[in-house]
Each structure stands twice: as C-alpha cells, then as structure tokens.
Amino acid sequence: MYSNRKMTSQTQTHDLQQLLQSSMYQTLFELNDDAIWAIDLEGMIINVNKAGKSIMRKMKEHPVALNELIIFHDEETFFNGMHLRDTQRLKGIIKSESKDNMIDISSIPILYDGEVIGRFVQAKAVDDEISQKNDSKVANTYWESFINHSADAIGLFDLDGNIIKLNQATEDIFLYSREELIGSKVVTIPDESYRKEVEFLQRKVKSGKSVVEYETVRKRKDGKLIDVAITYSPIYDEDGEMIGMANILRDITERKKSELELRESEAKYRLIAENTADMIRVITVDNEIIYISPSHQMILGKEVEDYPSGDVFANVHPDDREELSTNYNEMLHKKQPINIEFRERHSNGNWIPLEARCMPVLNKKNEITSIVMVVRDLTERKDTEELLRNSDKLAVVGQLAASIAHEIRNPLTSLKGFLQYFHSNGDELSKNYYELMLSEVDRINMIVSEFLLLAKPQVSKFKETQLDHMLTHVLTLIDSQALMEGIEVNVDMDEDLPAIFCDENQLKQVLLNYTKNAIEACSYGGKIQISLRKNQKHIHIIIEDNGCGISEDDLDKIGTPFFTTKDNGTGLGLMISKKIISNHDGTVTFESEIDKGTKVTISLPYQ
Ligand code: ADP
Ligand code: MG
C-alpha cells in the first residue's frame, strides 16, 4: 500500500527532521505523556517520543513504518487524510508483546511553510477504567438530555420538600423560570388548601412508597389552573439512604377535557336513547346485551334481565331466528350496517313484528367494539299494510259488484216472476222443482243485494232511534229460523237505554248478520244470549252463542271479504257489518273459543 503512495521529496523529509530538532517542538513532543510518532507522508516513522519508545521496546522487531506498529480500525481514512490540514481522530490497536491495547489516535498535521509535510500520530490508551468512566459520563449525558427533553415536568426535592432541580418542561408547563422555583417549596398549588395534599404525598414518599399518577390541580404563573397527574418516588444514595424525592408531573388538561367531552356526549346520546320511541340496544361482540332503552318496556314489556347473556335472539320467533342470525353474522363479518325484520315475543306472549337496523361500532383499528341496534315496532305499519291490501280488494270488489249486480238483477227479476207463474200453475211434482228453483233464485238475489250494498253503501238516513225497538224487530225476523233449528234466544236489556243517532236499516242489517251467524254456529239445542248495556258514553250490543267457536287463525281473517267457513256462505256479512259499525263511529270485537262459543261486542256511542 505504501509503495503506491506518492514519494515524498528528499527536501521535505529533511525539513521535517530539521523541524523536529527545534526546541519548541522537542518539549511538546518529548514531555507528552502520550506516545507520539512523527511520520512522513508515506507513513514512515521519523521520530518517536519517550512514551512511544517504551512501547516500541516491547516489540521483537523494530518497526519502521507506523502501520507495523498500529493497526488502524480504518487505515484507508488514515492514509487518505494524510495531506489534509485537519486533525483526524481514529481508533486502533497497538501491538505489544503481552496484549493488544485499544487506543484513541489523533493524527495532527505537521505544517512547514504552510504545507503539510508529515503528521504527528498521538496514541492514548483506552484502558478499562477510563472507558468505564467515559461510559458513565455518556450515560449521565443521556440522562440529562432525556430529562431536559421530557415533555413532563421533572423535579428533584430534598427531604424537606424544597425544590433542588427542575427540567425545561417545568418552565414550559408552569411559565415560571427555574430560578423562581428552585429553593422554594411548591408554589404551583392553586391555594393553601392544597399544601396538605402535597405534604401528605411527600410523607408517603418519605415512608418509602411511590405515588403513581396522582391526579390533582396545579396553577400556572398566569393563574390558569391545569389538571396534572403526579408520580412521586424516593431517591436513594449509593448506601441506600433516602436523600430526596423525584416527581414527574404530567399536564393532563387536554385529556381531562376530552374525557369531559366524552362524558357529555355520552350523556347526550343516553338522553336520546332514553327518550326515543324506537328501542335501542347495545350488544357486545360476545353477544351480551349491555344496554336496552326504556322503550322496550313499553313496546315489548321487557327489561334488560329478559335478555339472557350469550343469546341476543332468545326472544325472537323461532321461524325468524335462523335468517336473523345469518344476517347478523354477516354484518359482523362485513362490518356494514344491516336492516332486518323479525318478530319478538311480548311479555304477554304476543309476537310483535319488528324492524331493526344493526350497526357495528368500530374503533380506530377497525375492530368491532359493540353493536348498536335500533329496533322499531312494525305493528302499526303491518296493520296499515293489511288494511291497504283489504281496501284494494274492496275497491275491486266494489267495481265488479256494481256492474255485476245490475246485470244480474234485471234478468233475475223476470226469471223469478216466470218461476212463480209456473209454480202456481204447475202440477204437484214440478211444483217441488219450482220451489227449489225459486229458493235458489232468492239466494242469488241475496248475494247480489249484499254485493250492491258493498259497492254503493246506500244513502244513509241517520235519525234518533231506540235500539231496543230495533232489536225486537230483528228478533221477529230470526225467531222462526231459531225455533226451527231448536235454538233458544234470550234477550236482556238495561233499562232507560238512550236513543242513538243511526241509520236504522243499516243497523238492523248488522244485527241480523251477527245473530244469523250465531244461529249458524250453533247446533240443535244451542243457546244465544243478546244483551243491551249502557255505560257513560256507549251502548254495547253483546251477542253470545255457545256454538262451534272460531279458531285463532280464523279470528284474524274475520271481516275480510269472502272469508267464510260455510259451504254456502258468502263471507261478506261481517265485512259489511264492520263497515256499517265504523260508519257509526262504533267498534266491534270478537272473543271466541273453539267448541265453547263466540261473544261479539258491538259498541256504539250515544250523545
Ligand atoms: P258467512 O256467514 O257468509 O260465512 P260472514 O262474514 O257472516 O260470512 O262470516 C264469516 C265467517 O266468520 C263465517 O263463515 C264463520 O266461519 C265465522 N263466524 C262468524 N260469526 C261466527 C260465530 N258466531 N261463531 C262461529 N263462527 C262465526
Ligand atoms: Mg253470515
């Protein structure tokens, strides 16, 4: 490597030797404790001081070039920097007999006439002790820097609680300069009442315990109060004796503020949840219901205890459960809100149709923390839908009825007239047939009349009418049929029944429909009880029979057009009756048990 280097001129080496002879260099050179070699620009040793010689003596062969003596950690840098006018600092190892010694190397340029003509290479031993000292010095520097750059205020106190040392952050947080604080006891407390707290905390520390993240309030120089968390700990010397206390004080004003904001917004949402008509549920990912809004009580008659842990869908209709849980799991999987419809059991046993929006609540890591369900009661909507469907049917029926009824009625009238003519003139045998035909024509006529009534409710003629008179009249109409079927009809009326404002003919038809149904429901020997009762505002007409009763399923269908269980029924009677009653601002309810009988209650208002 050397041979490749540029040859130093003879004059330069001569100058160097001359230079080194001069007394100024001699003293500095010879009397230095560190080993120093003077080398020319090729790295050949020109001179060496005392300390250097003593190292070289320990070597078997006398080295001539510096790199026979020293192994540089970075030889390249050393030789490349040879001509530079800077001092280079490097590390290396000095070979000696016993062991290799780590050294710090300073390579100092030797200048002559402003030119670099060689270098002094100074070696400083890096023994263990020195390096240790250096380490701890470095460590101390680290500590100091760390403490000074910490965003938390850090302070050291003596055992009397006097401030000895504070870091930079203390100034930043409290706006006091360190000089103002050091030597004093705590002046950042908001008022004297806090001194007891400080003394209490310091007493605790003095007893050898630490105080961790104690939250309290402190005052800045400008008077502003800040929320802080303080950690106190005792400081011990090498012998384990307590010599002071350290405290780390964190400004948590922002955190407190956001905590407060969080609490406030929680309160706000709770207020909404508690007061909305919709039901709100909060469910954990482990299927635990942690909140249900009070509206559950109103709509489903349920409390949070009614929702067992681990099974959110415990109250769901068995037929809906599978679809619901499939959708629910998909929501958990996709982390997207879903809408679902299902039924849940009311505490009274009824199934309530519900519609729910399930929303996963995600945290910053996009993990689901909980699920919020907003559940709405669909009963009313379902009822309206049902009503709409029925009224659809009604509209169609109405149109059909109007046209058909007219078309059929006219030919029927002439059919009936001719049949009656033949009937009165015919022989005995054919008379029976004519009778049968006439009754069939009557039946057609009846159906058509009912249709017509449906299509165009006849012009109502409302007037004050006594219900008891009306009932008596209707009873004369059905008495004969009842008698024939062996059915007993009893009537019971309250006294002084008020008159009601109604269309007599229409109400008669209603009574006829219900009593006829009652008779048809009873077998031979049945009983029918008709009662008229009044209360403050209504008259109730109650028609009870002990007939076949109505099944739960059929009870739902009652009053819908064409619903009949009879072979020759029209399924229109109840529908028309219902319509008439509601035209009179009245209501009708059915109670029925299969094979026990049916109770119909018509309620009509009076002035
Ligand atoms: P229809 O009498 O022509 O069948 P309705 O509208 O009058 O038509 O009655 C509809 C259905 O309601 C009947 O077919 C019957 O199943 C049921 N129903 C009505 N009243 C009673 C009753 N008192 N007891 C048992 N079933 C009844
Ligand atoms: Mg009927």
Side-chain angles (χ1 to χ4, degrees), residues 386-387 389-391 393-394 396-398 400-401 404-405 439-440 442-455 457 471 474-475 477-482 484-492 505-532 540-584 586-603:
E386 187 75 24
L387 201 74
R389 265 203 300 280
N390 276 348
S391 55
K393 261 188 220 165
L394 281 184
V396 177
V397 170
L400 279 176
I404 293 173
S439 82
E440 288 300 296
D442 278 343
R443 185 169 148 65
I444 296 174
N445 215 357
M446 182 192 80
I447 292 175
V448 172
S449 312
E450 281 192 0
F451 259 127
L452 258 189
L453 191 74
L454 184 68
L471 181 62
V474 169
L475 286 175
L477 289 178
I478 58 155
D479 260 352
S480 54
Q481 193 188 354
M484 241 160 47
E485 314 256 331
I487 291 160
E488 186 186 325
V489 179
N490 291 310
V491 179
D492 179 27
N505 278 332
Q506 286 188 4
L507 275 195
K508 268 186 192 163
Q509 166 143 31
V510 167
L511 290 177
L512 209 56
N513 277 340
Y514 287 119
T515 42
K516 258 169 77 186
N517 279 344
I519 290 170
E520 284 159 7
C522 293
S523 44
Y524 195 88
K527 269 188 185 164
I528 296 172
Q529 170 75 40
I530 302 175
S531 323
L532 289 186
H540 297 296
I541 308 165
I542 302 154
I543 302 155
E544 275 179 282
D545 65 63
N546 62 354
C548 60
I550 307 165
S551 76
E552 213 172 305
D553 277 355
D554 286 351
L555 213 49
D556 283 342
K557 296 176 202 148
I558 253 180
T560 54
F562 308 114
F563 170 72
T564 179
T565 53
K566 297 164 195 168
D567 290 340
N568 54 356
T570 62
L572 291 170
L574 288 186
M575 194 206 72
I576 291 162
S577 303
K578 202 164 130 188
K579 198 165 166 181
I580 293 173
I581 292 168
S582 68
N583 277 344
H584 283 78
T587 56
V588 57
T589 55
F590 272 81
E591 291 160 66
S592 188
E593 203 173 322
I594 221 119
D595 291 336
K596 286 264 166 63
T598 303
K599 178 180 176 185
V600 181
T601 308
I602 304 159
S603 171

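Numbering of ligands and ligand atoms starts at 1, following listing order.
Closer than 4.0 angstrom to ligand 1 lie heavy atoms from N517, A518, E520, A521, D545, C548, G549, I550, I558, F563, T564, T565, K566, G569, T570, G571, L572, G573, L574, T598.
Judged purely by atom type and a 3.5 angstrom limit, T560 has no side-chain atom pairing as donor or acceptor with the backbone of F563. The closest donor-acceptor contact from the side chain of N513 to the backbone of G573 lies under 3.5 Å. Side-chain atoms of S592 come within 3.5 Å of backbone atoms of G597 as a donor-acceptor pair (strictly under, hydrogens ignored).
Remark: T587 pairs with S603 by the side chain to side chain contact (heavy atoms under 4.5 Å, CB included) rule, at least two apart or across chains.
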Below 3.5 Å, can you tabulate the donor-acceptor pairs from side chains in residues 518-530 to any protein atom, sequence neighbours excluded?
from, atom 1, to, atom 2, distance (Å)
E520, OE1, K566, NZ, 2.5

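A distance of 12.0 Å separates CG in L511 from CD in Q506, rounded to the nearest 0.5 Å. Taken from OH in Y514 to CD1 in I542, the straight-line distance is 13.5 Å, to the nearest 0.5 Å. To the nearest 0.5 angstrom, N490 atom CG is 11.0 Å from E544 atom CD.
Annotation: protein N, O or S atoms under 2.8 Å of the Mg ion (ligand 2) (waters excluded) comprise N517 OD1.
Among I594, T598, D556, the single residue meeting the side-chain contact (heavy atoms from CB on, under 4.5 Å) criterion with I550 is T598.
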